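Reading through the structure tokens given below for one structure.
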2 protein chains.
Amino acid sequence: MLSKKAKYAIKTILFLQDHPDLLPISAKAIAEKEHIPYKFLENILRDLKSHQLVKSIRGAEGGYALAKDPSQISIAQVMRAMDGPIALIPCISERFYESCAECEDEETCRIRRLFAEVRTEMVEILERPITTLAKERE
Amino acid sequence: MLSKKAKYAIKTILFLQDHPDLLPISAKAIAEKEHIPYKFLENILRDLKSHQLVKSIRGAEGGYALAKDPSQISIAQVMRAMDGPIALIPCISERFYESCAECEDEETCRIRRLFAEVRTEMVEILERPITTLAKERE
DNA sequence: TATATATCCTATAAAAAAGATAGGAATTAT
DNA sequence: ATAATTCCTATCTTTTTTATAGGATATATA
Ligand code: FES
Ligand code: FES
């Protein structure tokens with residue numbers, strides 16, 4: 001399951017997408033509008049920034065904005081920045097590969113292929129740009 | 001990511017599939033062969049049994065065996081029995097539905113459809129019978 | 001029937017991860 | 001100068017995951 005952190009992060013990114021203002025948006029404003037604990041959101045924003053998903057302007061009247069065009073941002077990117085791998089097992093993760101402690105040999109592992117297939121399908125959907133996320137009830 | 005419990009459970013199920021002996025297989029034997037902590041495995045087997053995935057024979061010479069034909073068992077079933085929902089968000093889970101505390105309205109949620117699509121693809125792959133899991137290096 | 005081998009059950013402990021908060025330094029518009 | 005804001009490190013709390021303990025119950029077989 002998605003962590004709360006990742007879900008808050010997604011909501012934050014979509015909120016910033018929806019408000020491409022001239023002025024950046026403060027963490028305080030985001031926290032209030034999206035009902036995210038303020039200090040928790042600060043941590044999330046720092047992570048989003050370190051992953052080049054948002055940029056920040058310091059000082060009074062400062063705040064946050066998307067670091068790139070929304071067409072270049074996907075839910076997968078946000079999930080990876082917050083929770084790590086998309087894959088359900090580490091040995092087939094593209095960006096967070098780790099060998100499986102429990103499995104003797106990747107070559108003969110019975111479930112590796114299956115989960116690789118799952119990951120491929122997941123990534124295909126989750127890598128879509130967030131611009132494709134129209135509001136429902138169109 | 002898959003929990004260790006789920007991974008142990010999958011290994012257990014595949015082990016039982018590979019040993020369709022006349023005699024049931026003891027937890028002790030499974031624990032040794034698959035390198036699973038014995039007492040942890042007991043808990044797992046109890047859960048697998050309560051979900052009708054394995055059956056048990058008590059007493060000396062007792063042990064465990066699959067509760068149904070392997071063609072009727074999938075990795076998805078094992079995952080659900082151990083970790084709960086396959087879906088990444090609760091509001092689209094088929095068997096473990098919960099409304100999302102953070103989202104105001106499912107109808108207007110921007111990410112619900114996307115994650116529903118992800119779940120559909122995941123389930124399609126993970127619901128395959130374990131008999132389709134041939135050993136690699138065919 | 002005694003014994004050894006098992007499952008079965010409840011409870012607890014230990015470790016790790018997730019979720020949240022605290023306090024203050026640094027920056028900047030007004 | 002002041003107020004608003006990001007930035008940083010640290011800590012705390014709660015929940016989940018992983019694992020263990022101890023014993024009750026059942027059963028094959030010698
Ligand atoms: S699941 Fe990774 S090697 Fe088996
Ligand atoms: S993710 Fe469940 S309603 Fe938005």
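Numbered from 1 within each chain, the chains take letters A, B, ... in sequence-line order. Note that this is a predicted model, so its numbers are computed, not measured.
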>> Between the base of C:dT21 and the side chain of A:Asn43, is there a donor and acceptor pair under 3.5 angstrom?
In response: yes
> When you measure from the side chain of A:Ala60, which nucleotide among D:dA4, C:dT21, C:dG19 comes out closest?
Replying inline: D:dA4
>> Under 4.0 Å, counting only non-hydrogen atoms across every strand here, what does B:Tyr64 touch: a base, just sugar-phosphate, or nothing?
In response: sugar-phosphate
> How far does CG of A:Leu126 sit from CD of A:Glu121, to the nearest 0.5 angstrom?
Replying inline: 11.0 Å
>> So for A:Lys39 and C:dG23, does any side-chain atom that can act as donor or acceptor lie under 3.5 Å from a complementary atom in the base?
In response: yes
>> Which residue is it: A:Ile44, A:Asp47, A:Ile13, A:Ile73? I am looking for the one with a side-chain contact (heavy atoms from CB on, under 4.5 Å) to A:Val54.
In response: A:Ile13
> Using a cut-off of less than 4.0 Å, is there contact between a side-chain N or O of A:Tyr38 and OP1 or OP2 of C:dG23?
Replying inline: no
> Is B:Arg128 salt-bridged to A:Glu117, going by a charged N under 4.0 Å from an acidic O?
Replying inline: yes
> Hey, does the side chain of B:Ser56 come within less than 4.0 Å of C:dC8's phosphate (OP1/OP2), counting only N and O?
Replying inline: yes
> Could you give the CG-to-P distance, from B:Leu23 to C:dA6, as a whole number of Å?
Replying inline: 11 Å
> Can a side chain N or O of B:Lys5 be found less than 4.0 Å away from OP1 or OP2 on D:dA19?
Replying inline: no
> Taking the side chain as C-beta and beyond, is there a heavy-atom pair between B:Ile10 and B:Leu2 under 4.5 Å?
Replying inline: yes
> Does the side chain of A:Tyr8 get closer than 4.0 angstrom to OP1 or OP2 of C:dG19 through an N or O atom?
Replying inline: no
> A:Lys28 NZ to D:dA3 P: how many Å, rounded?
Replying inline: 14 Å
> Expressed in angstrom and rounded to an integer, what is the separation of B:Glu102 atom CD from C:dG19 atom C1'?
Replying inline: 12 Å
>> Quick one: does any side-chain atom of B:Thr132 pair with a main-chain N or O of B:Pro129 as donor and acceptor, under 3.5 Å?
In response: yes
>> Distance criterion of 3.5 Å, no angle test: do you see the side chain of B:Arg58 paired donor-to-acceptor with the base of D:dT25?
In response: yes
>> For the OH atom of A:Tyr64 and the CG atom of A:Leu45, what is their distance to the nearest 0.5 Å?
In response: 5.0 Å
> Of the candidate nucleotides D:dT18, C:dC8, D:dT6, which contains the atom at the shortest distance from the side chain of B:Arg46?
Replying inline: C:dC8
> Does B:Lys4 place a side-chain N or O at less than 4.0 Å from the phosphate oxygens OP1/OP2 of C:dA16?
Replying inline: no
> Quick one: B:Asp47 CG to C:dT7 P, roughly how many Å, whole number?
Replying inline: 15 Å
> Does a distance-only test, which skips hydrogens and angles, find a donor-acceptor pair under 3.5 Å between the side chain of B:Asp83 and the base of D:dT16?
Replying inline: no
> Could you give the CD-to-C1' distance, from A:Glu42 to D:dA4, as a whole number of Å?
Replying inline: 12 Å
>> How many whole angstroms separate atom CD1 of B:Ile30 from atom P of C:dA6?
In response: 11 Å
>> Measure CG/B:Leu48 against C1'/C:dC8 and give the value in whole Å, please.
In response: 15 Å
>> Using heavy-atom distances to pick each residue's nearest nucleotide on DNA chain C, tell me which of A:Leu41 and A:Glu61 is more 5'.
In response: A:Leu41
>> Counting the atoms with a prime plus P, OP1 and OP2 as sugar-phosphate, which does B:Lys49 contact under 4.0 Å by heavy atoms, base, sugar-phosphate, or nothing?
In response: sugar-phosphate
>> In this structure, how many angstroms lie between the C1' atom of D:dT20 and the CD1 atom of B:Ile44, rounded?
In response: 13 Å
> Is B:Leu45 touching bases, backbone alone, or none of the nucleic acid, heavy atoms closer than 4.0 Å?
Replying inline: nothing
